[in-house]
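Okay, structure first, notes after.
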Amino acid sequence: MPLLKRRPFLLLDPPKDLNPDEKVFQVRFTNEIFQDYQEYLNRVNLYRERVWTCKVSGKSKLTYEEALVSEHHAAEKAQQLSRELIAPVLHMIQYRLELNGRKDGSLSACKILKVIIDSGNTKMYEVGWIGQDNAVTNTSVVQADDLVIRKKAHASRSMLKIYIRESTSQNSPWIIHANLAKKYGIRTEPPKDLLNGQGLPKLRSGLENGTTDDVRKKLKKGEPIDDLLLKPTADGPSLSKRRPLSTDFRVPVDSVGDLLMVWDFCMSYGRILCLSPFSLSDLENAICHKESNLVLLVELHAALFHLLIKDGGGYFTFLQNKRRKLKVTLVTWAEYLCDFLEMTSKEEFSSSLSTVRRGHYGLVHTAVKLKILWELVDEAITTSAVRQNIDEKIDQQQAIAASKREVASKKKQEQKLTMEGVTEKEMSQTDAAQNVNESVNGEVVDKEGKEKKNIYANKMGEGKVHPRHLGTEMEKQSVQSNSLGKDRYYNRYWFFRHEGRLFVESADSKEWGYYSTKEELDALIGSLNVKGIRERALKRQLDKLYYTISNALVKRMKDVTHKMLLEEAALRRSSRVQAQSKDNPSMSFLKYVNKWKQN
């Protein structure tokens, strides 16, 4: 049933003193019965207000009826979960609450061992502090105010992705590390359908044994095969040499993924966060800076905190228990950060918590700063505002995709009609007896074609979208940045709309690099072997987005050159007049102002 202000809403029971002949008022979609017309109107008006939330999807700002429809659609989607996952998921969420107690200034998992009542009838609790493997490490006595009950953290999508990558030695197909397979009793022999069918193991074993008949057959038919099976041959395609990657990041190389994810989220959902755009370089420079109250980082944290507070979830409840004022400012933001770190109660943040408490956020290690922001973004993604925005973007994408299909279909029809007209005209020239009829028919068809084209033009004009720009509109409504594809060694390639670089992530996600020039992009495309299944798909995507990516690379390179000239000018000026650090373009992150901030 739909939720009212995120809480269950109970429907009214039928009146007990109802007479069989009495005239009543019934709400159509809830079947509630009212004897008083004004009470009926009040209830109907409440159902019409946009204060309802879909219990299943979390969509908010709906009418009651819209929430009912949303729940129905969401329930249908929920039934698509793989049957083998249903039992483990239900087992995972049943009674998923955990007790936490305040210990040494932070929250830690614990369980109550004994209730102690002193002479003044005040309750105290002896608790056991829980360490690894759910074992009690030590005990202490705490007050009731020191205990907090909250939902146990579930495994998020991003957490699962990281764990899967960390636990596997290859991903096509997935093969987990031998020590994990042994520990959890998972079989290591490949399934028979992979060994006996057309799967990769059979091809690889054939290659190892020197029998490459299957590979040759596939190549002869022009079918892509696994890239690692391709060997250089004299008559093979001529591939260009790939340029070396640039790796001059300021953040640790294994933290680049966190940096990109945080920045991309802020760029994609800036309006919801009330956070105006900033460059990736500005975020990177700010994160590496040792100052504790940089405006860019304060505004970024504050925007995420406000989103979590407004959502009314776990963080909001945690702050209420601490009786915090729900207003994050330049002065108080570090307190809210400490609260968040307490709530997450992760060991990796424990030392940083005390550093932030002492007012020295700037001294926290760069990698830890990014991990904290990553955790905040991970929480923000689950809020109803972001989920609703994602749903809206998906709906818009589907509408744009439908428009693209309509454009393609109409083009096809127009071409068909034009061809029919040409054919008939040609026939009329060869058959004098039917000259008049054929000419008339050809003219009618041509008019029909023009009429259809004009109708379509009017329709697209009403929608304010030119068919040529549908691809751009689709890109604008993208939910998140997706990998363009992988090369033969499973390295992933990423392009972000607001950043003029093509990023490359290693298969184990521990190394990153980038290409920044059109020449490097051309060399990359020329080095891809289209006979391999991964590089063929990657080349198709790069070809499709070539002008978008190459234009972005050229634009950024011009900006970088201009910036370097300005820096040289600032350096020459500083030798004569002591210039302020903010005048240097590389310090532009110090000038950040949040233009979308709401008071």
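Both backbone and side-chain heavy atoms feed into the values below; hydrogens, waters and symmetry mates do not.
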Does [X] reach the side chain of [Y], with side-chain heavy atoms less than 4.5 Å apart?
{"X": "M267", "Y": "F278", "result": "yes"}
{"X": "S70", "Y": "L62", "result": "yes"}
{"X": "T366", "Y": "S255", "result": "no"}
{"X": "W333", "Y": "N293", "result": "yes"}
{"X": "F349", "Y": "V368", "result": "yes"}
{"X": "V262", "Y": "I287", "result": "no"}
{"X": "Y514", "Y": "E499", "result": "no"}
{"X": "T30", "Y": "R43", "result": "no"}

For the residue pair [X] and [Y], what are the closest heavy atoms and their distance?
{"X": "R50", "Y": "K61", "answer": "NH1-O, 3.3 Å"}
{"X": "S276", "Y": "V593", "answer": "OG-O, 3.4 Å"}
{"X": "L275", "Y": "C266", "answer": "CD2-SG, 4.1 Å"}
{"X": "W512", "Y": "T247", "answer": "O-CG2, 3.6 Å"}
{"X": "A385", "Y": "I272", "answer": "O-CD1, 3.8 Å"}
{"X": "L304", "Y": "A380", "answer": "CD2-CB, 4.0 Å"}

Has the side chain of [X] got a donor or acceptor atom that lies under 3.5 Å from a matching backbone atom of [Y]?
{"X": "W596", "Y": "P277", "value": "no"}
{"X": "E520", "Y": "S516", "value": "yes"}
{"X": "T53", "Y": "K55", "value": "no"}
{"X": "T63", "Y": "R48", "value": "no"}
{"X": "S403", "Y": "A399", "value": "yes"}
{"X": "H301", "Y": "L297", "value": "yes"}
{"X": "T332", "Y": "E335", "value": "no"}
{"X": "D254", "Y": "K510", "value": "no"}
{"X": "N594", "Y": "C274", "value": "yes"}
{"X": "D264", "Y": "L260", "value": "no"}

Just wondering, more than 12 heavy atoms not from [X] lying within 6.0 Å of its [atom1]?
{"X": "K369", "atom1": "NZ", "result": "yes"}
{"X": "K371", "atom1": "NZ", "result": "no"}
{"X": "K290", "atom1": "NZ", "result": "yes"}
{"X": "F29", "atom1": "CZ", "result": "yes"}
{"X": "Q598", "atom1": "CD", "result": "no"}
{"X": "Q541", "atom1": "CD", "result": "yes"}

Aromatic plane relationship, W52 with Y47 - under 30° parallel, 30 to 60° tilted, over 60° perpendicular
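It falls in the tilted class, 30° to 60°.
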Scan side-chain atoms only and decide if [X] and [Y] contain a donor-acceptor pair under the 3.5 Å cut-off.
{"X": "Q388", "Y": "S384", "result": "no"}
{"X": "Y489", "Y": "S506", "result": "no"}
{"X": "R492", "Y": "S509", "result": "yes"}

Starting from the C-alpha separation in whole Å, work towards a yes-or-no answer on side-chain contact (heavy atoms from CB on, under 4.5 Å) for F265 and L273.
CA-CA 10 Å; F265 178 82; L273 292 167; 3.9 Å; yes
Salt bridge or not between D559 and K555? Use side-chain N to carboxylate O under 4.0 Å.
yes
Any carboxylate oxygen within less than 4.0 angstrom of a Lys/Arg side-chain nitrogen, looking at K59 and E66?
no
To the nearest 0.5 Å, how far apart are [atom1] in [X] and [atom2] in [Y]?
{"X": "D258", "Y": "I372", "atom1": "CG", "atom2": "CD1", "answer": "11.5 Å"}
{"X": "F503", "Y": "S246", "atom1": "CZ", "atom2": "OG", "answer": "10.5 Å"}
{"X": "E71", "Y": "L3", "atom1": "CD", "atom2": "CG", "answer": "7.0 Å"}
{"X": "L524", "Y": "Y493", "atom1": "CG", "atom2": "OH", "answer": "5.0 Å"}
{"X": "R243", "Y": "T517", "atom1": "CZ", "atom2": "OG1", "answer": "6.0 Å"}
{"X": "Y64", "Y": "L11", "atom1": "OH", "atom2": "CG", "answer": "4.5 Å"}

Run the side-chain contact (heavy atoms from CB on, under 4.5 Å) check on W494 and L484 step by step: do they pass?
CA-CA 6 Å; W494 299 85; L484 297 174; over 6 Å; no
Check whether NZ of the Lys or CZ of the Arg K393 lies under 6.0 Å from the centre of the six-membered ring of Y269 and within 45 degrees of that ring's axis.
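Yes, cation above the ring, under 6.0 Å and within 45°.
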Check step by step if side-chain contact (heavy atoms from CB on, under 4.5 Å) holds for L147 and C110.
CA-CA 9 Å; L147 296 175; C110 63; 4.1 Å; yes
Checking E284 now: which residues fulfil side-chain contact (heavy atoms from CB on, under 4.5 Å) with it, not counting sequence neighbours?
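Residues passing side-chain contact (heavy atoms from CB on, under 4.5 Å) with E284: F249, R250, V251, L259.
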R102: which residues meet the side-chain contact (heavy atoms from CB on, under 4.5 Å) condition with it, sequence neighbours left out?
L107, D146, V148, K322, E342
Yes or no on side-chain contact (heavy atoms from CB on, under 4.5 Å) for I309 and Y315, after CA distance, side-chain angles and deciding distance?
CA-CA 7 Å; I309 290 168; Y315 183 62; 4.0 Å; yes
Report yes if the distance between the aromatic ring centroids of F340 and F318 is under 6.0 Å, otherwise no.
no
